[in-house]
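Treat the numbers as computed from the prediction; the structure is a model and nothing was measured.
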Amino acid sequence: MSTTAAANPTTAKKAISGLMLRYLVLAGLIVIASLGFSLANENFYSLVNIGILLRSIAVLFLVSMGMTFVMLTGGIDLSVGSNVAFAGGVGVITLTTTGSAPLGFATAIIAGMAIGAINGVFIGRLKLSAFMVTLATFALARGLALVIYDATSINVSDPTFLWLGGTSWGNMPVVIPFVACVFIALSILLYRTPFGSNVYAAGANFNTAFVLGRRPERSVVWIYALSGALAGLSAIVTVGRVSSGQPWSGLYLEFDAITAVILGGTSLFGGRGRLLGTILGVLLYGIIINGLVLTGTNPYLQSLIKGMILLGVVLLDSWTQRGKSA
């Protein structure tokens with residue numbers, strides 16, 4: 001919710017009602033998509049496939065929550081997919097060099113956070129275009145990943161490093177409770193702290209927030225650093241899933257995250273959206289992709305469908321924003 005909405009109880013109630021309606025629609029679409037794919041393939045509801053689905057969208061959950069913070073400011077982060085590859089490379093190289101999984105974890109998160117902080121400084125402090133800055137770091141991080149890996153994958157066998165991404169309790173991947181804890185922590189940060197108020201203020205009106213003394217440029221630096229740190233966490237999960245570090249991991253992940261976040265109701269124009277919507281958007285998007293794979297849909301057609309979904313939600317967001325401005 002924007003600061004303007006917060007100052008006007010009637011506007012705030014309308015915004016909340018609109019969000020609740022969107023969440024109900026998303027929940028309904030999740031049910032419809034699930035039923036449709038279960039009719040197309042009886043294995044959709046199998047415990048094995050549910051485990052595969054949850055593990056496959058865990059990384060998207062983490063990255064999309066960081067993307068939500070970024071997009072609430074009216075920004076965008078095109079570097080997250082490349083950052084996952086780069087941070088994973090740093091963590092894997094640290095692990096193979098030192099033999100220390102905790103040190104590998106730490107360096108992966110720090111490396112991801114460093115790329116995010118670079119984005120934040122150029123965007124928040126120097127007021128450069130978020131699109132152009134993160135497009136540059138998109139190429140930078142992928143290039144660094146290719147150099148680190150020497151353009152080849154590195155096998156990882158350390159059970160501690162693989163635990164988060166590769167272990168399950170029964171059919172429940174352990175990464176899902178971990179993602180839930182991250183969601184709770186980020187929700188508290190966004191809705192219960194001055195930092196969270198600054199996130200919405202920066203997205204609602206950056207210049208007004210600056211005049212009011214909120215220092216949104218500082219918040220923007222930390223927001224992008226947070227997005228980078230979550231990319232680092234995602235890198236650890238990714239390595240654990242496939243038991244190797246790969247220079248092309250996270251490919252097109254930024255595309256999937258942006259689609260899921262907008263699908264969940266976060267506006268491209270900033271100042272509007274919530275993490276719950278992002279979770280529902282990720283779940284719906286993940287179910288669609290999983291169902292397409294399970295039903296043997298042509299991979300080229302899958303890309304076409306992804307593009308149509310993104311185009312559709314962007315048009316919907318633009319139409320909604322135009323309606324609010326009218």
Side-chain angles (χ1 to χ4, degrees), residues 1-2 5 15-30 32-33 56-57 59-81 83-84 119 123 129-131 134-135 138 179 183 186-187 190 199-200 202-204 220 223-224 226-227 230-231 234 250-290 292 302-325:
M1 222 174 7
S2 69
I16 292 172
S17 299
L19 284 172
M20 290 305 297
L21 177 60
R22 189 180 189 111
Y23 298 160
L24 287 173
V25 170
L26 284 172
L29 290 174
I30 288 170
I32 292 170
S56 67
I57 61 176
V59 168
L60 185 57
F61 272 134
L62 290 170
V63 170
S64 296
M65 285 189 281
M67 188 70 77
T68 302
F69 275 76
V70 168
M71 291 178 63
L72 283 172
T73 69
I76 199 165
D77 190 352
L78 300 176
S79 68
V80 289
N83 202 1
V84 167
N119 289 333
I123 295 165
S129 162
F131 179 87
T134 60
L135 183 62
F138 160 86
V179 169
F183 169 77
L186 292 179
S187 296
L190 186 58
V199 173
Y200 281 103
V220 167
I223 288 163
Y224 279 90
L226 174 63
S227 178
L230 289 169
S234 301
L251 196 62
Y252 303 127
L253 184 58
E254 60 284 332
F255 174 94
D256 294 337
I258 292 168
T259 303
V261 172
I262 301 175
L263 191 61
T266 298
S267 174
L268 273 169
F269 302 94
R272 177 169 57 86
R274 298 180 73 85
L275 287 172
L276 176 59
T278 295
I279 294 300
L280 292 172
V282 169
L283 188 55
L284 175 58
Y285 189 71
I287 286 172
I288 292 172
I289 301 307
N290 175 267
L292 292 174
Q302 291 178 34
S303 295
L304 174 64
I305 292 171
K306 285 183 179 182
M308 291 173 63
I309 292 172
L310 179 57
L311 181 60
V313 295
V314 167
L315 288 173
L316 176 62
D317 182 64
S318 179
W319 176 78
T320 303
Q321 187 69 23
R322 202 176 298 126
K324 289 178 179 294
S325 301

Ignoring hydrogens and angles, tell me if any N or O in the side chain of Tyr200 forms a donor-acceptor pair with the backbone of Leu190 under 3.5 Å.
-> no
Below 4.5 Å, heavy atoms only, C-beta onward: do Met71 and Leu268 meet side chain to side chain?
-> yes
Is there side-chain contact between Tyr285 and Lys306, with at least one heavy-atom pair below 4.5 Å?
-> yes
Looking only at heavy atoms, the pair that brings Ser227 and Met67 closest together is OG-N, 4.5 Å
Flag side-chain contact, heavy atom, 4.5 Å: Leu186 against Phe69 = yes
With a 4.5 Å heavy-atom cut-off, do Val63 and Asp256 have their side chains touching?
-> no
Compare every heavy atom of Tyr224 with every heavy atom of Ala130, then report the nearest pair and how far apart it is.
-> CB-OH, 3.5 Å
At what distance, to the nearest 0.5 angstrom, does OG1 of Thr278 lie from CD1 of Ile262?
-> 10.5 Å
Tell me the salt bridge (charged side-chain N to carboxylate O under 4.0 Å, His left out) pairs involving residues 257-271, sequence neighbours left out?
-> none
Out of curiosity, Leu253 CG to Leu78 CG, how far, rounded to the nearest 0.5 Å?
-> 12.0 Å
Are any side-chain N or O atoms of Ser64 and backbone N or O atoms of Phe61, one a donor and one an acceptor, separated by less than 3.5 Å?
-> no
Given side chains that start at C-beta, do those of Ile289 and Ile57 come closer than 4.5 Å, heavy atoms only?
-> no
Nearest 0.5 Å please: distance from the CD atom of Gln302 over to the CD1 atom of Ile305.
-> 7.0 Å
Nearest-0.5 Å distance, CZ of residue Phe183 to CD1 of residue Ile279 | 5.5 Å
Given side chains that start at C-beta, do those of Thr134 and Ile123 come closer than 4.5 Å, heavy atoms only?
-> yes
Result for side chain to side chain contact (heavy atoms under 4.5 Å, CB included) between Leu283 and one of Ile30, Leu60, Leu26 points to Ile30
Begin with the C-alpha distance, continue with both residues' side-chain angles, and end with the deciding distance and a verdict on side chain to side chain donor-acceptor pair (under 3.5 Å) for Asn290 and Ser56.
-> CA-CA 9 Å; Asn290 175 267; Ser56 67; 5.3 Å; no
Contact summary for Ala33 and Ile287, nearest pair of heavy atoms | CB-CG2, 4.0 Å
Enter the distance from Thr259:OG1 to Leu284:CG here, rounded to the nearest 0.5 Å.
-> 11.5 Å
Indicate whether any N or O donor in one side chain lies under 3.5 Å from an N or O acceptor in the other, for Thr266 and Thr68.
-> no
Closest contact, heavy atoms only, Val84 versus Ala231 | CG2-O, 3.6 Å
May I have the step-by-step check of side chain to side chain contact (heavy atoms under 4.5 Å, CB included) for Val282 and Met65, ending in yes or no?
-> CA-CA 10 Å; Val282 169; Met65 285 189 281; over 6 Å; no
Verify side chain to side chain contact (heavy atoms under 4.5 Å, CB included) between Asp77 and Glu254, making sure each step is shown before the conclusion.
-> CA-CA 7 Å; Asp77 190 352; Glu254 60 284 332; over 6 Å; no
